[in-house]
Amino acid sequence: MCGIVGYIGSKNSAEVIYNGLEKLEYRGYDSAGIAVISKNEILTRRSVGKLKNLKANLETNPISGNNGIGHTRWATHGKPCEENAHPHTDCSGKIVVVHNGIIENYVSIKKQLISEGHIFKSETDTEVIAHLIEKYYKKDVLEAVKSALKEVRGAYALAVICADEPERLIVARYDAPLVVAKGKDENYIASDVSALLNYARDFIFLENGDICEIKKDSIKIFNGGKEVKRETQKILWNAVQAEKAGYKHFMLKEIYEQPQTILDTFRGRLSSEQNTVLLDGINITKDYLKEISKIYIIACGTSYHAGLTAKFVLESLTVIPTEVDIASEFRYRDHVINEKTLVIFISQSGETADTLAALRLAKQRGSKTLAICNVVGSSISREADNVLYTHCGPEIGVASTKAFTGQLTVLYLIALDFATKLDTISKDKLETLVKYLWDLPVKVTECLKQADAIKKIAKEFHAKKQFIYLARNLNYPIALEGALKLKEISYIYAEGYAAGEMKHGPIALIDETMPVMVIATKSKIYEKVLSNIEEAKARGAKIIAIVNADDKEIAKKADYRIEVPETDEIFSPVINVIPLQLFAYYVSTMRGCDVDQPRNLAKSVTVE
Ligand code: AGP
């Protein structure tokens, strides 16, 4: 969603802010702007469209000052246009704000402010904050912000500067991420760590309700009317990690990072003998696990597919009934969860609004909660009772890849940990599965070597208008995930289906215009999948099959084969998703689509 960057120090803040906003382009946006304080007045430049338009604006009409804020906007209230682009000012033009999130009661506030004589220039909810601060401003912008936010309901990551107080940068956060980065005689703020990695390493992740006064040489954080301390975290990501590292797109880089990110995610969570799981940092005991009646997994999109896969793994290894739900459905259904339910929330960004809302509902019901996130300090990771991080580094491509296999890795560790605690797995079986887990990075590397073969197949199919992805059992969620990848980055309509369901209707779709991708690796239901391939082939479909290298059976039936290494069936989803990620990537590039920032999508859906 939107991006925020701010700076106060001795550099020209406009330059620092622009560089930071460039690192946030992946978040999706439709306009951008920067405001600085120069000789006790606010200078603002805003442009619609890509950042390069703002750059041209700044080159034509340069601004400079040591205290500034900037923003990339993803429209929620008011169309994408210059008037609606942030920053927004009050009537005097001396107070300027940038904001992420949604002010739920902005209409009533705006009405009241207009009745008090305020003149609005935009359709945005954000502008009401500027005028509210003006209303309460009595030569102390920090106090004015505190008073203004008392009237606001909703989510905000907010940055405010005031021309009459050039030494102060005020920020506040509620349900929208905001970080402060410490420099030497300078300080930075941003909605996302990756904006500032070229400048700083020491970050403070603000908490809900934090309101901060930032000067170039001090940071004061207030919450609930008193000053509070927040820990500083050293973030070791280097700027290159957040760059493309030589790949054409972030997505391709992140697909190729998976052997490393899977390893990074389970490393340190296995015993030194490499045969048992050590899940530190979560408070989920054997007694608790014996007491619970079920596990409930809640997520959205690709993370939901990870949850669907985990259902098979958890039920098979721990024998605990496991349900999986889409967060936006869960939060409005009459669900049955209580203190005997362990609720697991999966979210790469840790900021997905529906998943966060579902987390809060689960906590109200007294359920113990466990989050699986990729972003340290994200809202979901901090509000859950327990959190296990995927160690994937920043995932920049909107289409999730390494975060997905990272989530699966954590879910395997959880299943093995729980099964050990519940004694539902033998020592030998545990050691065997841990060995397969260790082998995953090598096997994923082998899959990646199929890239050229996959690219050739993609060339055959990149002009198709539709696709069906078929699989069974714990690879059925991988069919859903493969279809989602193709949909979201190539805009081809693709549907994932349980292969056994085809006869109940969808087989009517099959003819020579409907290509079929089938996951047909060795499994207990391999023969069933074979018959599904024959059914589709008999109706004229071209078949692409994901198969194990030594599979001769399929060779006779599939038109195209993508070979993947064998593994224990329970880990096959991690292997089988790799060719589907690459296939979608190549089809998308051949169709000239914007792989990293597909149309209509944002990296993190922080609004309902
Ligand atoms: C994945 O490719 C999509 N971009 C999207 O479905 C994503 O998985 C979903 O929005 C959930 O995001 P989260 O994991 O950050 O909560």
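All ligand and atom numbering here is 1-based and tracks the order in the structure.
Annotation: side chain of Leu470 is in contact with side chain of Met502 (closest heavy-atom distance under 4.5 Å).
Within a 6.0 Å sphere centred on NZ of Lys311, heavy atoms belonging to other residues, nucleotides or ligands number more than 12. Around the NZ atom of Lys50, the shell of radius 6.0 Å holds more than 12 heavy atoms that belong to other residues, nucleotides or ligands.
For ligand 1, the atoms sitting less than 4.0 Å from at least one non-hydrogen atom of Ala399 are 2 (O), numbered in the order shown with element in parentheses. Within ligand 1, counting atoms from 1 as listed, the ones closer than 4.0 Å to a heavy atom of Ser400 are 1 (C), 2 (O).
Residue contact check for ligand 1: Ser604 places no non-hydrogen atom closer than 4.0 Å to it.
Between the Lys368 side chain and the Glu339 main chain, no donor and acceptor come within less than 3.5 Å of each other. Between the Glu323 side chain and the Lys294 main chain, no donor and acceptor come within less than 3.5 Å of each other. Of the possible donor and acceptor atoms, none in the side chain of Asn386 sits under 3.5 Å from a partner among the backbone N and O of Ala371.
Considering only non-hydrogen protein atoms, atom 8 (O) of ligand 1 sits nearest to Thr302 N, 3.1 Å. Of the protein's heavy atoms, Glu488 OE2, 2.5 Å lies nearest to atom 2 (O) of ligand 1. The shortest contact between atom 12 (O) of ligand 1 and any protein heavy atom is with Thr352 OG1, 3.5 Å. Annotation: atom 10 (O) of ligand 1 to nearest protein heavy atom, Val605 CG2, 4.1 Å. Nearest protein heavy-atom neighbour of atom 6 (O) of ligand 1: Gly301 CA, 3.2 Å. Looking only at protein heavy atoms, the nearest one to atom 9 (C) of ligand 1 is Cys300 O, 3.8 Å.
By the 3.5 Å distance cut-off applied to N or O atoms, Ser303 is counted among the residues near ligand 1. Taking distance alone, with nitrogen or oxygen atoms compared against 3.5 Å, Val398 approaches ligand 1 more closely than that limit.
Separation of the Tyr256 and Tyr585 ring centroids does not fall under the 6.0 Å cut-off. Ring to ring, Tyr412 and Phe266 are not that close: their centroids are 6.0 angstrom or more apart.
Counting heavy atoms closer than 4.0 Å to ligand 1, residue Glu351 contributes nothing at all. At a 4.0 Å heavy-atom cut-off, ligand 1 touches Lys485 through the side chain alone.
For the salt bridge (Lys or Arg N to Asp or Glu O under 4.0 Å) condition, the pairs that include at least one residue of residues 472-484, sequence neighbours left out, are Glu481-Lys485.
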